[in-house]
**Student:** 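Next up is a structure, given as structure tokens.
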Amino acid sequence: MESVKTPIFEGIGWDERHCMKDCFGMREQNFRSEEVIYEFDAPNGIIGILTEGTAILERIDENGNRSILEHLGTGSVFGEMLMFANVAGDRIAVVCEKPCQVWFMRGDQLTKRCEKACDHH
């Protein structure tokens, strides 16, 4: 993770990132090609940080037509709180393109104050 460039960890050192990972209760998960990493079907308040690999943000309409909305690389951030409203009812998901590692966390961890007032926040 130390070499991953992402806006969430900008200006934060390697040691502090790992302290934040523990404090935020981040969950690390690995995915194989074509596995669904995240679906935007129900509100869950979770965001993901792609720490290794590549993925795509895809939309599948009611007729089964697939559209790639975005290519995601290492350092990309995705999640419900960063997504537009899906008023058409299409299936929208992040799908692993090349083997991926993702750190998942609750989105409110970015906006609330730490109860412990940790220095690394």
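All residue numbers in this chain count up from 1 along the given sequence.
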**Student:** Considering non-hydrogen atoms only, spot the tightest contact between V102 and T51 and give its length.
**Tutor:** N-OG1, 4.1 Å

**Student:** According to a 4.5 Å side-chain heavy-atom criterion applied to Ile, Leu, Val, Met, Phe, Trp and Tyr, with indirect links allowed, do I56 and I37 form part of one hydrophobic cluster?
**Tutor:** no

**Student:** Kindly write out the residues that satisfy salt bridge (charged side-chain N to carboxylate O under 4.0 Å, His left out) with E28, not counting sequence neighbours, or none if the list is empty.
**Tutor:** K21

**Student:** Going from SG on C23 to CE on M105, what distance comes out if it is rounded to the nearest 0.5 angstrom?
**Tutor:** 10.0 Å

**Student:** Taking all atoms of both residues into account, what is the closest heavy-atom pair of I46 and Y38, and its distance?
**Tutor:** O-OH, 3.0 Å

**Student:** Can you tell me how far the CD atom of Q101 sits from the OG1 atom of T74, to the nearest 0.5 Å?
**Tutor:** 9.5 Å

**Student:** Enter the distance from L57:CG to E70:CD here, rounded to the nearest 0.5 Å.
**Tutor:** 6.0 Å

**Student:** Find the distance between CD1 (I47) and CZ (F78) and round it off to the nearest 0.5 Å.
**Tutor:** 9.0 Å

**Student:** If hydrophobic clusters are built by linking Ile, Leu, Val, Met, Phe, Trp and Tyr wherever their side-chain heavy atoms come under 4.5 Å apart, do V94 and I68 end up in the same one?
**Tutor:** no

**Student:** Hydrophobic clusters here meaning ILVMFWY residues chained together by side-chain heavy-atom distances under 4.5 Å, can you tell me if V95 and V77 are in one?
**Tutor:** no

**Student:** Applying side-chain contact (heavy atoms from CB on, under 4.5 Å), can you list everything that pairs with S67, at least two apart in sequence or on another chain?
**Tutor:** R59

**Student:** Using the side chain to side chain donor-acceptor pair (under 3.5 Å) criterion, which residues pair with T54? Sequence neighbours excluded.
**Tutor:** E97

**Student:** Run the numbers on V36 and R91 for side chain to side chain contact (heavy atoms under 4.5 Å, CB included), then give the verdict.
**Tutor:** CA-CA 12 Å; V36 173; R91 178 183 175 262; 3.3 Å; yes

**Student:** Enter the distance from C100:SG to F31:CZ here, rounded to the nearest 0.5 Å.
**Tutor:** 8.0 Å

**Student:** In Å and rounded to the nearest 0.5 Å, what is the CG to CZ distance from N30 to R32?
**Tutor:** 10.5 Å

**Student:** According to side-chain contact (heavy atoms from CB on, under 4.5 Å), who are the partners of D61, at least two apart in sequence or on a separate chain?
**Tutor:** N63, N65, D90

**Student:** Looking only at heavy atoms, which two atoms of A55 and L50 are closest? And how far apart?
**Tutor:** N-CD2, 4.1 Å

**Student:** Using side chain to side chain donor-acceptor pair (under 3.5 Å) as the criterion, list what pairs up with Q29, not counting sequence neighbours.
**Tutor:** R27

**Student:** For residues K98 and S33, report the shortest heavy-atom separation together with the two atoms involved.
**Tutor:** CA-OG, 3.8 Å

